[in-house]
Amino acid sequence: MPRLFLLAIAALLSLAGWSQAQEKPATTSVKPGINDSFLDPNLDVEQWVNRFEVESREVFLAKDEIVERLKLSPGDRIADIGTGTGLFVEPFSKAVGDQGWVYALDIAPKFVERVEKLAEARKLTNITPVLCGQNDIRLAPGSINVAFICDVYHHFEYPAASLASIHKAMSPGGKLVVIDFNRIPGESREWTLNHVRAGKEVFREEIEKAGFRFMGEVEVPSFKENYFLQFERR
């Protein structure tokens, strides 16, 4: 892993006042093992690129619609939580402009490393890749005004702790967007029913309990399986 990348991560963690050793004790996982494949030191990044960045994935197909409805402004500071292969990094970088910033967060070191290389190759100078924890996003208090969680909330093993860290990192009035799979028994695919632990009503309740006000569901015309919920930090 490049030395400059390691120094950037170390500086960010120092600013936030957290390190992996200082991470708050985790409570019981709500979905044990769901992230094992991402934490595998032998993770094959290209395999996940071929799974995430394909026409058959709904959020990939709707990428432009999602960015448009997110309504980012120049100067925004957004956390792409669970950035994965970095699908949204470039459009977010362009949307927030030179005065804004994009924090690309993931728990998988190889995904974070990929985003660093992607930003360098595409000359995106307003990107900070961040290796976050499973119960702490590890950003400084008040450092962001937008948090974006796309097809990732159902991967939160410790949602209460993770949401608390997002709330702390976000300035008052900041925007939280959650895109995830509709889980409806009798209607959703078997994969969704087995993989996603709860429906959007449960997720919405968890997020509201963490100090966010529900602002409504945003329509994305091409969505068939996903939903787009918007919240505001109280």
Side-chain angles (χ1 to χ4, degrees), residues 9 12-13 15-39 59 70 77-89 92 102-109 111-112 115 128-181 183 195-215 226-234:
I9 296 300
L12 185 66
L13 295 181
L15 175 64
W18 296 309
S19 67
Q20 188 168 6
Q22 294 169 323
E23 189 171 298
K24 294 177 182 178
T27 55
T28 303
S29 168
V30 297
K31 187 79 171 178
I34 193 170
N35 294 316
D36 286 355
S37 58
F38 300 123
L39 298 173
V59 296
L70 192 54
R77 294 160 287 113
I78 182 171
D80 181 9
I81 300 169
T83 191
T85 57
L87 177 63
F88 289 96
V89 166
F92 286 174
V102 180
Y103 296 96
L105 283 60
D106 210 281
I107 63 171
F111 283 160
V112 175
V115 170
T128 298
V130 179
L131 183 64
C132 63
Q134 290 208 71
N135 64 346
D136 194 329
I137 66 168
R138 298 178 183 163
L139 290 183
S143 57
I144 58 173
N145 69 316
V146 184
F148 179 75
I149 307 172
C150 182
D151 280 1
V152 169
Y153 187 83
H154 67 270
H155 276 274
F156 280 15
E157 285 204 48
Y158 312 99
S162 294
L163 286 166
S165 72
I166 294 169
H167 190 275
K168 188 172 185 177
M170 186 177 289
S171 56
K175 178 166 58 179
L176 168 64
V177 165
V178 173
I179 296 173
D180 219 299
F181 293 97
R183 186 188 189 281
H195 182 67
V196 179
R197 66 179 172 86
K200 67 181 174 184
E201 294 79 10
V202 172
F203 289 173
R204 172 183 165 179
E205 183 179 355
E206 292 173 354
I207 294 165
E208 289 181 302
K209 283 183 178 178
F212 296 90
R213 181 182 298 106
F214 180 60
M215 302 302 289
N226 286 93
Y227 56 81
F228 182 129
L229 303 182
Q230 186 167 302
F231 301 83
E232 180 182 80
R233 183 207 189 271
R234 295 200 299 266

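Note that this is a predicted model, so its numbers are computed, not measured. All residue numbers refer to positions in the sequence shown, counting from 1.
Scanning for ring-ring contact (aromatic ring centres under 6.0 Å, His included) contacts around F212 gives H167, with sequence neighbours left out. Residues passing the salt bridge (charged side-chain N to carboxylate O under 4.0 Å, His left out) test with K31, sequence neighbours excluded: none. Checked against side chain to side chain contact (heavy atoms under 4.5 Å, CB included), E208 has the following partners two or more places apart in sequence or in another chain: R204, F214, F231. Partners of T85 by side chain to side chain contact (heavy atoms under 4.5 Å, CB included), not counting sequence neighbours, listed by chain and number: W48, V49, F52, E53, F111, R114. Every residue was checked against the salt bridge (charged side-chain N to carboxylate O under 4.0 Å, His left out) condition with R234, not counting sequence neighbours, and none meets it. By the side-chain hydrogen bond (donor to acceptor under 3.5 Å, both in side chains) test, D106 is found to be paired with no residue, residues two or more places apart in sequence or in another chain being considered. Every residue two or more places apart in sequence or in another chain was checked for a salt bridge (charged side-chain N to carboxylate O under 4.0 Å, His left out) with R233, and none qualifies. Partners of R197 according to the salt bridge (charged side-chain N to carboxylate O under 4.0 Å, His left out) rule, which considers only residues two or more places apart in sequence or in another chain, are E206.
Side-chain contact between I166 and I149: present, with at least one pair of heavy atoms (C-beta onward) separated by less than 4.5 Å. I144 has its side chain within reach of L139: a pair of non-hydrogen atoms, C-beta onward, lies under 4.5 Å apart. Residues H155 and H195 meet the side-chain proximity criterion, which asks for heavy atoms closer than 4.5 Å. By the 4.5 Å heavy-atom criterion applied to side chains, P159 and V30 are counted as neighbours. At a threshold of 4.5 Å between non-hydrogen side-chain atoms, the residues F181 and Y227 do not count as touching. Counting only heavy atoms from C-beta outward, the side chains of Y103 and I78 never approach each other to under 4.5 Å. Residues V89 and T83 form a side-chain contact, since some pair of their non-hydrogen atoms from C-beta on lies under 4.5 Å apart.
When every heavy atom of A147 is checked against every heavy atom of M170, the shortest pair comes out as CB-CE, 3.4 Å. Residue G84 comes nearest to V115 through the heavy atom pair O-CG2, 4.1 Å, listed as atom of the first residue, atom of the second, then distance. Nearest heavy atoms, I107 versus G133: CG2-O, 3.7 Å. Heavy-atom minimum distance, I137 versus S165: N-OG, 3.1 Å. A pairwise comparison of heavy atoms in P32 and S29 identifies N-OG, 3.1 Å as the closest pair.
Listed by first then second residue, pairs satisfying salt bridge (Lys or Arg N to Asp or Glu O under 4.0 Å) with a partner in residues 141-150 number zero, not counting sequence neighbours. Within the structure, the salt bridge (Lys or Arg N to Asp or Glu O under 4.0 Å) test picks out the following pairs touching residues 143-157 (sequence neighbours left out): R57-D151.
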Quick one: side chains of residues 172-180, donor-acceptor pairs under 3.5 Å with protein atoms, not counting sequence neighbours, listed by atom name and distance.
from	atom 1	to	atom 2	distance (Å)
K175	NZ	L70	O	2.5
D180	OD1	H154	ND1	2.8
D180	OD2	Y153	N	3.4
D180	OD2	H154	N	3.1
D180	OD2	H154	ND1	3.2

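Atom CG of L87 and atom SG of C150 lie 7.5 Å apart (nearest 0.5 Å). Rounding to the nearest 0.5 Å places OG of S171 at 5.0 Å from CZ of R77.
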